[in-house]
Amino acid sequence: MTILDGKKTSETLKKEIAEEVKQLKAAGKKAPHLAAVLVGDDGASLTYVGSKVKACEQVGFASTLVKLPADISEEALLEEIAELNANDDIDGYIVQLPLPKHIDEQKILLAIDPAKDVDGFHPANFGRMALDMEAFIPATPFGIMELLKRYQVPTKGKHVVVVGRSHIVGRPISILLSQKGAQGNATVTLTHSHTPNLAEFTRKADIIVMALGIPEFLKGDMVKEGVTVIDVGITRLKDDTSPKGYRIVGDVAYNEVSPKASFITPVPGGVGPMTIAMLLKNTLLAYQWKDL
Ligand code: GUN
């Protein structure tokens, strides 16, 4: 069994990006600049955005955190977006989700300049990705593809079962794995809450991508010997024995599933750190594509 070590791989990636930034700066150019918009003070979102800003510092990017009150109007948020679109110094930015209920998320995502949309959530980027065109690929599926590539996990002709059809993970990863290319050429089944007898699908799968958000949902008896398992779950479970008061649990019952797996991502330290590294990668791409 090989552990797909996202922490180690993300560190390697960050070193590679830092090296490119060093060369840009040595050539007298400005560093790539990522901005993050955070509305409200949701604990998990604060942590995620904090990690993103810290990662920028690690690789020598400039970063800006735009912190806005939870009761900001949709109109005022759209004005902030317009400013970020117009600001030439900012190469890419993200609007951390979820947004407060009174704001139409779709309207906000549509207002982001696709050339700065380093989350890859704008329909222009999603459409371009689906049509094999150059695009910003959402960081989580992009990170999964990069892990598969760096560990040379075979995908050609394999049967992939994706569990969960979210716009951020399940839907895009199902497209990417079925596309032509070194980490693609798989036969993909996209399953979701209305799939009957899910275990019948997962038991036949060569590769399972769990993106459901239900802790330890995938049990040992739901997979075959030799399976590759990608666990995208990051549920916070209350845990008074931990200093933070919670622990992060994936969608996979790791102790049951890992003995049967040929490759598996741990939680934490699997897909999560890759997501942040790929956001940096997308920001570097935004910087480079601007000059094309
Ligand atoms: N909320 C959960 N995941 C993400 C992400 O990848 N990007 C943004 N902007 N918000 C999120």
Side-chain angles (χ1 to χ4, degrees), residues 1-6 8-9 12-13 120 125-212 217-233 250-254 256-267 270-271 274-275 277-278 281:
M1 188 262 290
T2 301
I3 291 179
L4 301 173
D5 187 338
K8 197 174 97 191
T9 308
T12 306
L13 259 156
N125 277 310
F126 203 98
R128 291 177 63 92
M129 175 197 71
L131 295 169
D132 302 312
M133 295 162 77
E134 200 167 69
F136 294 116
I137 296 169
T140 302
F142 197 11
I144 294 170
M145 297 305 279
E146 190 68 22
L147 259 185
L148 295 174
K149 180 174 159 187
R150 299 219 176 198
Y151 280 88
Q152 297 179 343
V153 178
T155 57
K156 185 168 128 187
K158 301 295 181 192
H159 183 201
V160 177
V161 171
V162 177
V163 184
R165 57 182 159 182
S166 72
H167 296 169
I168 297 182
V169 188
R171 194 80 57 83
I173 196 68
S174 67
I175 293 169
L176 293 168
L177 284 165
S178 68
Q179 280 177 332
K180 288 182 182 171
Q183 268 60 56
N185 291 324
T187 305
V188 179
T189 304
L190 179 55
T191 67
H192 46 75
S193 51
H194 292 275
T195 304
N197 305 319
L198 182 66
E200 280 179 23
F201 289 91
T202 56
R203 264 185 226 117
K204 287 193 189 125
D206 301 308
I207 300 173
I208 302 173
V209 179
M210 287 301 298
L212 198 59
F217 181 88
L218 190 77
K219 308 282 192 236
D221 64 0
M222 294 167 74
V223 306
K224 70 175 181 187
E225 256 341 296
V227 68
T228 289
V229 179
I230 308 292
D231 188 353
V232 187
D251 287 354
V252 177
Y254 189 86
E256 291 180 19
V257 172
S258 60
K260 296 174 86 172
S262 49
F263 297 92
I264 189 165
T265 61
V267 174
V271 174
M274 290 301 291
T275 296
M278 299 323 276
K281 178 82 184 168

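Counting begins at 1 with the first residue of the sequence.
- Using a 4.5 Å cut-off on side-chain heavy atoms (C-beta onward), Leu13 and Met278 make contact.
- Side-chain contact between Leu4 and Ile230 is present, with at least one heavy-atom pair separated by less than 4.5 Å.
- Among residue pairs with one or both ends in residues 194-205, none qualify as side chain to side chain donor-acceptor pair (under 3.5 Å); sequence neighbours excluded.
- Taking the side chain as every heavy atom from C-beta outward, Tyr151 and Thr228 never approach each other to under 4.5 Å.
- Of the residues Thr9, Asp5, Thr140, the one that meets the side-chain contact (heavy atoms from CB on, under 4.5 Å) test with Met274 is Thr9.
- Between the side chain of Asp231 and the backbone N or O of Val252, at least one donor-acceptor pair lies under 3.5 Å.
- When Leu177, Leu176, Leu148 are each tested for a side-chain contact (heavy atoms from CB on, under 4.5 Å) with Gln183, only one passes: Leu148.
- With contacts defined as side-chain heavy-atom distances shorter than 4.5 Å, the pair Tyr254/Val229 does not qualify.
- When all heavy atoms of Arg128 and Ala135 are compared, the pair lying nearest together is CB-CB, 3.7 Å.
- Under the 4.5 Å side-chain criterion, counting only non-hydrogen atoms from C-beta, Lys219 is not in contact with Val257.
- Between the side chain of Thr155 and the main chain of Gly184, a donor-acceptor pair closer than 3.5 Å is present.
- To the nearest 0.5 Å, atom CE of residue Met210 and atom CG of residue Asp251 are 4.5 Å apart.
- Considering all non-hydrogen atoms of both residues, Pro154 and Ile207 come closest at O-CD1, 3.7 Å.
- In this structure, Asn185 contributes its side chain and Gly157 its backbone to no donor-acceptor pair below 3.5 Å.
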